[in-house]
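These notes concern the structure reproduced below.
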Amino acid sequence: NAGVTQTPKFQVLKTGQSMTLQCAQDMNHEYMSWYRQDPGMGLRLIHYSVGAGITDQGEVPNGYNVSRSTTEDFPLRLLSAAPSQTSVYFCASSYRMDRNEQFFGPGTRLTVL
Amino acid sequence: AQKVTQAQTEISVVEKEDVTLDCVYETRDTTYYLFWYKQPPSGELVFLIRRNSFDEQNEISGRYSWNFQKSTSSFNFTITASQVVDSAVYFCALWGRNQGGKLIFGQGTELSVKP
């Protein structure tokens, strides 16, 4: 199993550009989520999904969109990048949220100029 | 609302010292899970432990131990005889049954173990 994969690993955008961060898992996990990590603020939940076709907002959803058309993929879209979205983004998945730990991807370091 | 507080932003110890990382949580759920994750300098997040709200037994795994106390809403993590390889950022996290799928993390504690 590849586990949780994220692409790209690094990205630089200009303000106003849009892009999609890719996340995929091959463990048949129902639960997937996106976090951003900023210095001194820990990991903050952006969006999450409890299964294909079901998504919901986390703590900091503004400026981001998600969709979950398959169990395996959970892309995160930045609609119009802003410098405040400069961060490290982690995707995670788990079989069940309550009984199982989350497996995290390696992260995407995004810089918005 | 759920909240996790890790009041210690940074801790520095000398190798072989014992160190305790504090985690205090808030939730209105009676069924919830608490987690600890480790983030070494390489950046990946590594799962350490999961504890549910009905199991207050302390747990020991090698040099690691966890003290869960519902009375004080705390889930503290102790490393005995710390080693340089323990240097990392440690995160405490909370999932509450009635919070949907939201796993809430604390701000993290950066542990530096010096030789």
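Residue numbers start from 1 in every chain, and the chains themselves are labelled A, B, ... in the order their sequence lines are given, proteins ahead of strands. These numbers were taken from a predicted model, which means no experiment stands behind them. Just the heavy atoms: all of them, side chains too, but no hydrogens, waters or symmetry mates, feed the values below.
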Applying a strict under-4.5 Å side-chain criterion to I, L, V, M, F, W and Y, I'd like to know whether [X] and [Y] cluster together.
X	Y	value
A:V50	A:M32	no
B:Y90	B:V13	yes
A:I46	A:V88	no
B:F47	B:W66	no

Original post:
So how far is it from B:K102 NZ to A:Y48 OH, rounded to the nearest 0.5 Å?
Top reply: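 Here the interatomic distance stands at 5.5 Å.
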Original post:
Just how far is it from atom CD of A:Q102 to atom CG of B:L103, taken to the nearest 0.5 Å?
Top reply: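 If I round to the nearest 0.5 Å, the distance is 5.0 Å.
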Original post:
Are the ring centres of A:Y35 and B:F105 closer than 6.0 Å?
Top reply: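 Yes, the ring of A:Y35 comes within the 6.0 Å limit of the ring of B:F105, centre to centre.
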Subject >> Side chain to side chain, A:F90 and B:Q39, heavy atoms closer than 4.5 Å >> reply: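 SC-SC contact between A:F90 and B:Q39 confirmed.
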Could you look at [X] and say if it's the side chain, the backbone, both or neither that has a heavy atom under 4.5 Å from chain B?
X	value
A:Q57	backbone
A:L45	side chain
A:F103	neither

Subject >> B:Y37 portion near chain A, given a 4.5 angstrom heavy-atom threshold >> reply: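 Contact with chain A involves the side chain of B:Y37 alone.
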Original post:
Can you say whether B:Q6 sits under 4.5 Å from chain A via the side chain, the backbone, both, or neither, judging by heavy atoms?
Top reply: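 When you check distances to chain A, no heavy atom of B:Q6 falls under 4.5 Å.
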Decide if atom [atom1] of [X] counts as having more than 12 heavy atoms of other residues, nucleotides or ligands within a radius under 6.0 Å.
X	atom1	result
A:R109	CZ	no
B:I60	CD1	no
A:M41	CE	no
B:K70	NZ	yes

Subject >> Closest non-hydrogen atom pair between B:F35 and A:E101, with its separation >> reply: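 Shortest heavy-atom contact: CE2-CA, 4.1 Å.
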Subject >> Verdict with supporting geometry, B:F91 and A:Q37, side-chain contact (heavy atoms from CB on, under 4.5 Å) >> reply: CA-CA 12 Å; B:F91 292 99; A:Q37 182 177 18; 3.3 Å; yes
**OP:** Could you check A:L43 against B:I104 for side-chain contact (heavy atoms from CB on, under 4.5 Å), going step by step and ending with a plain yes or no?
**Re:** CA-CA 8 Å; A:L43 283 87; B:I104 303 301; over 6 Å; no
